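These notes are about the structure you will find just below.
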Amino acid sequence: FGKAKKVERISDSEFVCKSGYFTTCNLDHPHYRFASKKISMFPGDKMQAQQNTLYLGAVPLAYLPQFNYSMKEPIMHVQVEPGTRKDWGPYLLSAWRYNLMDNVNGTALLDYRYKLGWAEGFNLNYKTPAVGKGDFKFYYTLETPPDQPDKAPVSDYYRYFMRWRHKWDIDARTNVTAELFKITDQRRKQDTAFNNAEDGFLQKYFFREYEKDTQPLSYALFHHAFNYSSLDVLLQIRTNHWFGQLEKKPEINYNLSSLQLGESPFYFESINQLGTYNSMGNALGNDLTDTRLDTKNTFSLPMKISFIQFKPIVSSRQTFYDKGASGQSGIVRTIFYSGADMSTKFYRIFDAQTNFLGLDINSLRHVITPSIGY
């Protein structure tokens with residue numbers, strides 16, 4: 001619903017409203033509304049509004065420079081989830097989906113948990129024409145610890161979670177991927193009993209994300225694929241200091257897949273890794289920093305003997321450490337490998353015709369590949 005001082009009909013599919021408002025409240029004097037300088041309406045398609053102020057009655061609450069609403073999206077823009085849980089008590093979770101621009105959208109979050117208090121945050125998804133796409137998430141709560149004595153001063157803990165992820169495809173062979181996870185948990189710092197409990201911020205508020213990764217890493221990865229090899233540069237930093245994690249500052253990997261040497265029957269494969277590592281919060285109770293260079297080079301001579309694919313190999317691996325656990329420096333480890341792989345293939349074509357699940361299957365080829373390696 002809406003109202004405006006002036007409405008212009010640009011075409012059958014576009015109307016422009018100036019100095020008006022829009023709302024989902026159907027009253028003549030709505031309880032809430034967005035007052036906008038300009039509203040472009042595309043019936044059955046979308047609505048775009050500029051310079052918007054959100055009012056609750058006569059009280060301004062927020063300002064949005066631009067607001068887009070798609071009338072084609074099946075997902076509700078406002079979602080409310082009530083319920084009760086043992087560790088939360090009665091709760092009410094709410095989410096409001098929004099579109100700031102054609103390439104920026106997200107969700108605003110406002111939650112209440114009886115035993116923990118209020119929490120708020122937002123999700124933001126974006127796409128850029130030049131440097132890729134990503135998403136940002138922020139969630140904050142000022143938590144009141146349960147089971148406080150009646151006369152004890154209430155001590156609130158601020159806890160928040162921030163996650164940023166970005167992917168940039170520079171060209172068909174080069175991309176950059178980055179993720180940043182940051183958790184600030186005042187309760188973990190101040191509550192000694194809580195430090196030993198399996199009740200961190202992710203477990204309590206984002207259990208699905210916790211199931212996927214109990215200790216999320218912050219990193220930036222550069223990848224480039226050459227014609228026959230690839231280069232990866234990985235920077236990995238510990239941003240949450242109670243996690244025991246391995247920092248990589250950085251780690252460089254160069255891998256050359258098995259490549260025929262000219263016109264000869266020999267093939268060559270190389271795996272190389274150079275990195276500076278910092279082991280923080282390890283089992284030894286101290287931080288360890290080390291630089292390691294590791295290279296493994298393999299020569300093979302694949303051939304076919306009757307119906308058997310036979311590939312003997314010889315390989316040498318050298319690993320250099322700038323220092324050892326006992327304080328010695330310049331450690332070199334050399335390992336020599338030799339062996340062989342044998343394999344063959346059996347297959348049969350089955351006359352199967354089906355379009356089950358839209359697979360459009362016209363015959364099936366079943367391949368069995370037994371192999372043995374030493």
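Please read all numbers here as calculations on a predicted model, not as lab measurements. For the numbers below, each heavy atom of this structure counts, side chains included, while hydrogens, waters and symmetry mates do not. Nothing fancy with the numbering, it's 1 onward along the sequence.
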Residues clustering with F1 (ILVMFWY side chains joined when closer than 4.5 Å, directly or via others): none
Contacts of L202 that satisfy side-chain contact (heavy atoms from CB on, under 4.5 Å) - sequence neighbours left out: F161, I183, F206, Y210, P216
Residues that R173 engages under salt bridge (charged side-chain N to carboxylate O under 4.0 Å, His left out), provided they are two or more places apart: none
I237: which of K248, K249, Q245 passes side chain to side chain contact (heavy atoms under 4.5 Å, CB included): K249
N/O donor to acceptor pairs below 3.5 angstrom from side-chain atoms of residues 116-129, sequence neighbours left out:
from	atom 1	to	atom 2	distance (Å)
N125	ND2	N105	OD1	3.3
Y126	OH	W164	NE1	2.9
Y126	OH	H166	ND1	2.7
T128	OG1	V131	N	3.0
T128	OG1	G132	N	3.0
T128	OG1	G132	O	2.6

Remaining members of the apolar cluster that contains F320, side-chain heavy atoms under 4.5 Å: L274, L293, V332
Student check: side-chain heavy atoms of E247 and Q236 closer than 4.5 Å: no
Side chain to side chain donor-acceptor pair (under 3.5 Å) pairs, two or more places apart, involving residues 50-62: S36-N52
Pairs where residues 332-348 contributes a residue and the test side chain to side chain donor-acceptor pair (under 3.5 Å) is met, not counting sequence neighbours: T319-R333
Hydrophobic cluster of F42, others only, ordered by chain and residue number, side-chain cut-off 4.5 Å: none
Sequence-distant partners of N175, side-chain contact (heavy atoms from CB on, under 4.5 Å), two or more places apart: K167, D169, T177, H223
Side-chain donor-acceptor pair present, D111, Y205, cut-off under 3.5 Å: no
Co-members of L246 in a cluster of I, L, V, M, F, W and Y side chains, linked at under 4.5 Å: Y277
N-O pairing of R317 and D294 below 4.0 Å: yes
Ion pair K204/E143, N-O distance below 4.0 Å: no
Partners meeting salt bridge (charged side-chain N to carboxylate O under 4.0 Å, His left out) with K18 (sequence neighbours left out): E8
Which residues share a side chain to side chain donor-acceptor pair (under 3.5 Å) with T174, sequence neighbours left out: D171, H224
Pair Q273-R292, side chain to side chain donor-acceptor pair (under 3.5 Å): steps then yes or no: CA-CA 8 Å; Q273 185 179 86; R292 187 188 74 161; 2.3 Å; yes
